Amino acid sequence: MSTPTVEMQKMRKICPKAELWQEGGQPAVFLPGLKVKHAGTTVPVDAILMPGYHSGYSTRLFLNRPFANRGQNWTTHTVAGTTWHAMSWNGVAASLGWDEILAAHLGPLQ
């Protein structure tokens, strides 16, 4: 099993300003200015990746805004005292590397 230090090295290759936070006693990765492919363009967003269980899902990705016509059942959640948006996208295993978890959650936005 990989360590948070190793996983964060991978995350910083994707988002150089990535920060490791704790949320509810679990690791959370803040990804400021993450470049997301959406409908043929690249859009910068702030995101929080929960690489473990959160709100009924094995892993979760929260974004600072929803994406129209992408993903399903967008809901709002309070994470680290701020409102974030998440689509209903389940089945992304926590056993994957954090970069793989992120890629799986970003897929529906393309």
Side-chain angles (χ1 to χ4, degrees):
M1 175 129 188
S2 187
T3 67
T5 300
V6 171
E7 294 299 329
M8 283 303 296
Q9 289 172 349
K10 292 190 281 185
M11 297 306 292
R12 287 191 182 108
K13 289 180 182 177
I14 297 166
C15 183
K17 294 183 180 181
E19 299 174 11
L20 181 60
W21 291 358
Q22 291 289 313
E23 175 69 19
Q26 300 292 324
V29 182
F30 176 57
L31 302 161
L34 177 68
K35 293 181 172 98
V36 172
K37 291 181 182 177
H38 170 67
T41 63
T42 300
V43 180
V45 297
D46 291 342
I48 296 177
L49 178 68
M50 299 295 297
Y53 182 84
H54 191 283
S55 60
Y57 291 77
S58 55
T59 61
R60 210 74 205 258
L61 179 65
F62 298 97
L63 304 168
N64 65 340
R65 68 179 188 87
F67 284 81
N69 303 315
R70 295 289 195 265
Q72 295 182 20
N73 303 324
W74 285 91
T75 55
T76 57
H77 302 262
T78 301
V79 179
T82 302
T83 300
W84 296 86
H85 302 269
M87 64 184 150
S88 179
W89 190 251
N90 208 351
V92 180
S95 61
L96 296 171
W98 294 359
D99 56 337
E100 296 170 297
I101 294 170
L102 178 62
H105 279 289
L106 290 175
L109 299 178
Q110 294 185 17

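Not measured: the values here are computed from a predicted model.
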Does [X] use its side chain to pair, donor to acceptor, with the backbone of [Y] at less than 3.5 Å?
X: W84; Y: V79; result: yes
X: D46; Y: G33; result: yes
X: W89; Y: A104; result: yes
X: Q26; Y: G52; result: no

Approximate separation, where rounding is to 0.5 Å, of [X] [atom1] and [Y] [atom2]:
X: T5; Y: K10; atom1: OG1; atom2: NZ; answer: 12.0 Å
X: R60; Y: N90; atom1: CZ; atom2: CG; answer: 8.0 Å
X: L49; Y: C15; atom1: CG; atom2: SG; answer: 11.0 Å
X: K13; Y: M11; atom1: NZ; atom2: CE; answer: 12.5 Å

> Would Y57 end up clustered with V29 when hydrophobic side chains under 4.5 Å apart are linked, directly or stepwise?
Replying inline: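 As far as the 4.5 Å side-chain criterion goes, V29 and Y57 are not connected within one cluster.
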>> Going by salt bridge (charged side-chain N to carboxylate O under 4.0 Å, His left out), name the pairs with one or both residues in residues 72-83, residues two or more places apart or in two chains.
In response: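 Listed by first then second residue: nothing to list.
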> Taking only residues two or more places apart in sequence, or in another chain, which ones meet P66 in a side chain to side chain contact (heavy atoms under 4.5 Å, CB included)?
Replying inline: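 P66: side chain to side chain contact (heavy atoms under 4.5 Å, CB included) contacts with W74, H85.
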> Can you name the residues that form a side chain to side chain contact (heavy atoms under 4.5 Å, CB included) with E19, not counting sequence neighbours?
Replying inline: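 Result, side chain to side chain contact (heavy atoms under 4.5 Å, CB included) vs E19: W21, F30.
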Heavy-atom check, side chain of [X] versus side chain of [Y], under 4.5 Å:
X: M50; Y: F62; result: yes
X: H77; Y: S55; result: yes
X: T59; Y: L96; result: no
X: L20; Y: P27; result: yes
X: F67; Y: R65; result: yes

> So which heavy atom on A94 is nearest to which on P51, and how close?
Replying inline: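 The pair with the smallest heavy-atom distance is CB-O, 3.4 Å.
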> What's the shortest heavy-atom distance between E23 and A80, and which atoms?
Replying inline: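 Where E23 meets A80 most closely, the heavy atoms are OE1-N, 3.2 Å.
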> Going through the checks in order, is the side-chain contact (heavy atoms from CB on, under 4.5 Å) test met by L102 and L34?
Replying inline: CA-CA 11 Å; L102 178 62; L34 177 68; 4.1 Å; yes
> Which residue, V43, L109, I48, forms the side-chain contact (heavy atoms from CB on, under 4.5 Å) with L63?
Replying inline: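 For L63, the side-chain contact (heavy atoms from CB on, under 4.5 Å) test succeeds with only one of V43, L109, I48, which is L109.
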